[in-house]
Amino acid sequence: ALFKRKWDLQRHQSSCNKMTRYIYPSGSYKVYNTVFEDLDELGIVVPTSHRYYPFTIVFDLEAILAPRDIVTSSGKTKFTQQHIPISCSIASNVSPFTNPQCFIDKDPNMLIRKIFNYFKAIREEIVRLSVLKWGVYLTRLRYKIEKQLDKLRHEFAHQRDEINNDNDQDADDADENGKSRADKFIAFIKLNPLMNTMLRTYSRLHRYMHQCVILSFNGQKYDVHLISTYLIKYLLELSEKNSSEEVEQDENISDDSDHDSDDDSDDNDEFGASQDGYDSEMENDVDNYEYGEDDDTNDNGEDNGVGYGGD
């Protein structure tokens with residue numbers, strides 16, 4: 001039997017003499033490891049005092065009633081006025097932003113800009129403090145990843161040499177499926193459980209350090225709905241601005257690459273591949289793999305370890 005209410009299920013249980021089998025369509029609740037418990041399993045112990053996220057921002061919006069441009073009705077109810085955000089009070093426990101601030105603007109769009117500019121300023125300080133608090137553990141994990149990557153690099157090179165000897169051909173060439181040796185190396189790494197665990201934990205800790213917790217009272221039912229129209233507009237404008245900046249940056253990089261290609265000599269046998277980065281379910285690949293032959297440096301003397309993209 002299917003019960004939509006818990007009370008119906010309890011009433012049925014009191015009179016049912018058959019064995020009951022519970023089925024949860026969305027799956028049963030599971031307790032997953034925290035990022036610090038994952039670090040424990042990798043041999044990186046974080047003190048208990050450092051396992052709690054201490055930074056928070058709280059806000060509260062106030063609104064005024066203004067006449068609606070278009071009067072709407074629903075049944076016997078006629079809507080003649082609407083709530084317009086007029087002010088926002090923000091406080092946090094992040095120094096030097098501990099003093100409450102109040103932003104007032106009759107233009108909701110300008111009010112949203114002021115609010116999120118202040119959020120951004122606090123978040124930048126949160127990230128700085130987070131790096132001081134947890135950066136050492138991220139560095140230790142990165143060192144472990146680089147050691148494991150170096151080990152896998154040599155294993156991959158050894159495996160490639162064996163294939164070359166057995167088949168009397170160059171295994172570095174693209175196969176019938178069009179896979180380059182860079183693609184093959186990434187696939188080789190993804191088969192290593194330890195590497196997967198370390199990369200996933202690195203990504204989780206990196207996101208943990210760059211998060212920003214913003215709280216409100218009754219915000220889900222009122223405050224967020226109050227600013228939703230203006231917030232969407234602000235986010236779309238911000239997205240367009242970031243996209244145009246990325247295009248301009250890509251053009252500058254392309255120009256620099258064209259200029260450098262005229263002066264550079266033949267490239268060495270180093271190669272690399274770039275992927276999007278691991279999420280919590282390991283659905284994506286590692287951010288930036290850089291690897292080479294037995295030599296650990298490229299022509300510029302730079303270390304060919306493993307790289308990760310920041311914000």
Side-chain angles (χ1 to χ4, degrees), residues 29-40 44-63 85 87-105 108 111-142 199-239 241-242 277-281 283-284 287 308-311:
Y29 177 74
K30 296 180 180 179
V31 179
Y32 295 95
N33 279 355
T34 67
V35 63
F36 301 113
E37 290 171 338
D38 285 343
L39 287 172
D40 286 341
I44 301 174
V45 180
V46 180
T48 304
S49 59
H50 281 48
R51 297 192 179 207
Y52 300 95
Y53 191 83
F55 312 116
T56 56
I57 303 173
V58 294
F59 76 97
D60 183 54
L61 287 162
E62 300 297 338
S87 68
C88 180
S89 297
I90 303 175
S92 76
N93 62 350
V94 181
S95 179
F97 303 95
T98 53
N99 291 329
Q101 297 290 325
C102 181
F103 298 96
I104 303 174
D105 202 302
L111 179 62
I112 292 297
R113 291 179 182 275
K114 292 178 180 179
I115 293 172
F116 280 86
N117 284 339
Y118 193 64
F119 283 164
K120 181 180 179 182
I122 299 176
R123 180 188 178 273
E124 290 175 352
E125 180 62 17
I126 288 176
V127 172
R128 189 188 72 83
L129 295 174
S130 296
V131 170
L132 294 176
K133 190 179 185 69
W134 296 295
V136 61
Y137 309 111
L138 199 69
T139 301
R140 293 176 187 174
L141 181 56
R142 178 167 181 156
L199 290 169
R200 184 177 66 249
T201 305
Y202 186 98
S203 178
R204 289 187 65 191
L205 183 57
H206 185 274
R207 290 198 304 270
Y208 186 87
M209 293 168 56
H210 287 75
Q211 67 181 334
C212 181
V213 178
I214 302 177
L215 307 174
S216 66
F217 178 76
N218 200 33
Q220 183 178 2
K221 293 184 178 180
Y222 183 76
D223 293 67
V224 175
H225 291 285
L226 180 65
I227 63 173
S228 59
T229 302
Y230 315 103
L231 178 58
I232 292 173
K233 180 181 178 181
Y234 170 77
L235 294 177
L236 289 174
E237 292 176 353
L238 191 63
S239 177
K241 178 182 177 182
N242 292 337
Y278 269 66
D279 59 13
S280 57
E281 292 79 22
E283 294 175 349
N284 299 322
D287 271 330
Y308 300 88
D311 282 351

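Scope of the values below: all heavy atoms of this structure, side chains included, with no hydrogens, waters or symmetry mates.
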**Q.** For Y208 against R51, the heavy-atom pair lying closest together
**A.** OH-O, 4.2 Å
Q: Taking all heavy atoms of N93 and all of P54, pick out the closest pair and write down the distance.
A: ND2-O, 2.6 Å
**Q.** Any side-chain heavy-atom pair of Y118 and C88 under 4.5 Å
**A.** no
Q. Has the side chain of S228 got a donor or acceptor atom that lies under 3.5 Å from a matching backbone atom of H225?
A. yes
Q. Does any N or O in the side chain of N33 come within less than 3.5 Å of the main-chain N or O of D38, such that one atom is a donor and the other an acceptor?
A. no
Q. Just by distance, do the side chain of T139 and the backbone of G135 share a donor-acceptor pair under 3.5 Å?
A. yes
Q | Heavy-atom closest pair, residues L129 and V94 | A | CD1-CG1, 4.0 Å
Q.
Tell me whether Y222 contacts the main-chain N or O of L61 through its side chain, where contact means a donor paired with an acceptor under 3.5 Å.
A. no
(Q) Please give me the minimum heavy-atom distance between Q101 and F103, naming the atom from each residue. (A) CB-CE1, 4.0 Å
Q: Could you check if a side-chain atom of F119 sits within less than 4.5 angstrom of a side-chain atom of I214, using non-hydrogen atoms only?
A: yes
Q: Determine, stepwise, if the pair I90 / F97 fulfils side chain to side chain contact (heavy atoms under 4.5 Å, CB included).
A: CA-CA 9 Å; I90 303 175; F97 303 95; over 6 Å; no
Q.
Quick one, Y53 and I126 - any side-chain contact, counting heavy atoms below 4.5 Å?
A. yes
Q.
Can you confirm whether Y202 sits close enough to L138 that some side-chain heavy atom of one is under 4.5 Å from a side-chain heavy atom of the other?
A. yes
Q) Going by heavy atoms in the side chains, are I57 and C212 under 4.5 Å from each other? A) yes
Q | Heavy-atom closest contact (D40 atom, V45 atom, distance) | A | OD1-CA, 3.7 Å
(Q) Donor-acceptor pair, distance only, cut-off 3.5 Å: does the side chain of R204 make one with the backbone of F36? (A) no
Q. Within a strict 4.5 Å, meaning less than it, do heavy atoms of the R128 and E124 side chains meet?
A. no
Q. What's the shortest heavy-atom distance between H50 and K133, and which atoms?
A. CD2-O, 3.5 Å
